[in-house]
Amino acid sequence: MKAIVYPTSHLLGEINALSSKNYTTRYLLIGALAEGTSTIYYPAHSEDSDAMRRCVRDLGAIIEEDDEKIVITGFGKHPKHVSELNVGNAGAVLRFLMSIAAFCPDLTFVNTYPESLGKRPHDDLIDTLQQMGVEVEHNNGRLPITIKGGKPRGGKLTVSGNVSSQFLSSLLFMTPLLEEDTEIEVLHDLKSKIIVGQTLEVMQQAGIVVHASDDLMHYRIPGGQSYQAKEYVIQGDYPGSAAILAAAAVTNSDVRVLRLEENSKQGEKACVDVLRAMGVNLTHDNGVVHVRGNQQLVAGEFDGDHFTDAVLAMVAAAVFAKGTSRFYNVENLRYKECDRITDYLNELRKAGADVEERQAEIIVHGKPEGVTGGVEINAHFDHRVIMALTVVGLRSEKGLTIRDAHHVAKSYPQYFDHLRSIGAKVELVEE
Ligand SMILES: O=C(O)C1=C[C@@H](OP(=O)(O)O)[C@@H](O)[C@H](O)C1
Ligand SMILES: C=C(OP(=O)(O)O)C(=O)O
């Protein structure tokens with residue numbers, strides 16, 4: 001499917017934020033790791049959350065669902081011994097389940113997205129699983145990956161946090177189920193550190209004890225624990241909503257996004273502060289972000305690691321800001337669905353933006369007058385590239401055509417419908 005985005009000067013209306021992808025994958029996982037029956041209200045419905053649902057079902061969880069909830073009966077520490085799992089293009093789902101696969105004798109994660117997830121590295125987690133006595137066959141740290149587990153050992157472990165926090169989260173979810181205690185030391189740096197807070201939050205809700213150091217670099221996890229079955233409610237999703245808020249910020253708008261909790265642990269809630277720092281007229285009260293955009297943005301400097309999944313949307317807003325913006329500490333964007341620095345900036349340049357890259361930085365020389373557009377954009381299999389380029393297209397002179405825009409469904413299948421409901425001119429055409 002391609003999305004033809006036409007210049008749109010005004011946006012007006014109200015959107016109910018989609019449900020959080022990262023909480024949905026977490027609650028499905030801990031529901032599966034519990035022995036009783038848990039209920040998850042308002043789960044996300046997207047390719048990634050569907051991937052987690054499909055995989056935990058394959059591993060033996062029993063799932064029933066209706067329009068508002070998923071009821072899941074878990075398999076505890078005894079997943080079914082399946083030989084193959086397909087996680088689609090979902091990085092977090094793959095990484096979280098690689099540790100759970102250590103309880104299975106011979107499980108292969110297949111490679112269905114060779115151009116996207118198939119290129120992403122998992123060496124750091126493979127290394128730790130090997131420290132636990134688990135045999136792992138892999139393609140140079142990439143898919144397909146076969147895990148020959150059985151009886152993984154705890155004890156003293158190290159994991160690198162340089163590339164992704166998902167490796168650490170994966171080990172945190174699994175190690176309480178081991179017989180012995182585990183100590184984890186995070187080596188190097190810990191990227192996307194904030195999201196580890198979401199991992200610890202949901203584990204605590206399920207009654208799991210983890211002793212974490214204040215800097216989140218050291219952990220002691222008592223063994224022999226069980227996840228309790230509970231009821232969970234999924235909050236609105238900041239990473240997806242960041243693109244809607246960016247669209248409102250670069251147009252003349254009066255847009256309200258509901259269900260965005262002020263006290264959320266999602267790092268991407270910082271997008272509200274980023275837009276405010278860029279001079280956008282907005283308020284955030286009672287879970288509602290209200291943007292009154294007037295196309296007057298100013299540049300700023302931001303540590304993008306605090307809001308990793310919202311960086312692309314914030315860069316799209318900065319394309320129209322007065323002055324030069326800098327998003328630093330973002331090297332790990334290179335290891336996501338595509339290289340979100342080189343690939344994304346290439347597409348922005350085609351659209352007419354003036355951007356520069358460093359190894360760990362995105363620099364944007366803003367163009368308050370707008371960009372020319374009138375070109376075709378390659379989505380690079382990346383939902384966040386699609387969402388961000390849509391924002392740029394709305395403020396372009398000639399619009400943009402985004403090829404393979406159906407990949408937006410990885411996290412936000414209703415994105416274009418939501419944008420159109422507030423007045424964005426977007427046409428969807430089967431390719
Ligand atoms: O733990 C998670 O659910 C996620 C962690 C982040 O990845 P990194 O830790 O690789 O930055 C984020 O980008 C991803 O969308 C989801
Ligand atoms: C990077 C993302 O997801 P994942 O790593 O789970 O594929 C994302 O949602 O932007």
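Starting from 1, each residue takes its place in the sequence as its number. Counting convention: from 1, in listed order, for ligands and their atoms alike. Keep in mind that this is a model prediction, so the values were computed, not measured.
- Among all non-hydrogen protein atoms, the one lying nearest atom 6 (O) of ligand 2 is A92 N, 2.8 Å.
- The distance from ligand 1 to the heavy atoms of D309 drops below 4.0 Å at these ligand atoms: 12 (C), 13 (O), 14 (C), 15 (O).
- Protein heavy atom nearest atom 9 (O) of ligand 1, with residue, atom name and distance: S165 OG, 2.6 Å.
- Of the protein's non-hydrogen atoms, the one nearest atom 3 (O) of ligand 1 is R26 NH1, 2.8 Å.
- When hydrogens are left out, the protein atom nearest atom 3 (O) of ligand 2 is K21 NZ, 3.0 Å; that is the closest non-hydrogen contact.
- For atom 2 (C) of ligand 1, the nearest non-hydrogen atom of the protein is I195 CD1, 3.3 Å.
- Taking a cut-off of under 4.0 Å to the non-hydrogen atoms of N332, the atoms of ligand 1 that pass are 8 (P), 10 (O), 11 (O).
- For ligand 2, the atoms sitting less than 4.0 Å from at least one non-hydrogen atom of K336 are 1 (C), numbered in the order shown with element in parentheses.
- When only non-hydrogen protein atoms are considered, atom 2 (C) of ligand 2 lies nearest to E337 OE2, 3.1 Å.
- Distances below 4.0 Å separate heavy atoms of A92 from the following atoms of ligand 1: 3 (O).
- At least one N or O atom of K336 sits closer than 3.5 Å to an N or O atom of ligand 1.
- For atom 5 (O) of ligand 2, the closest non-hydrogen atom on the protein side is R120 NH2, 2.8 Å.
- Ranking the protein heavy atoms by distance from atom 6 (C) of ligand 1 puts Q166 NE2, 3.8 Å first.
- Of the listed residues (K410, E268, R384, M52), the one carrying the non-hydrogen atom nearest atom 7 (O) of ligand 2 is K410.
- Close contacts between ligand 2 and R340 involve ligand atoms 1 (C), 8 (C), 10 (O) [criterion: under 4.0 Å to a heavy atom].
- Between S164 and ligand 1, an N or O atom pair is found at a separation short of 3.5 Å.
- Ring centroids of H81 and F103 are separated by 6.0 Å or more, keeping the two rings apart.
- Distances between N or O atoms of T308 and those of ligand 1 include no value under 3.5 Å.
- In this structure, F173 has its ring center closer than 6.0 angstrom to the ring center of F96.
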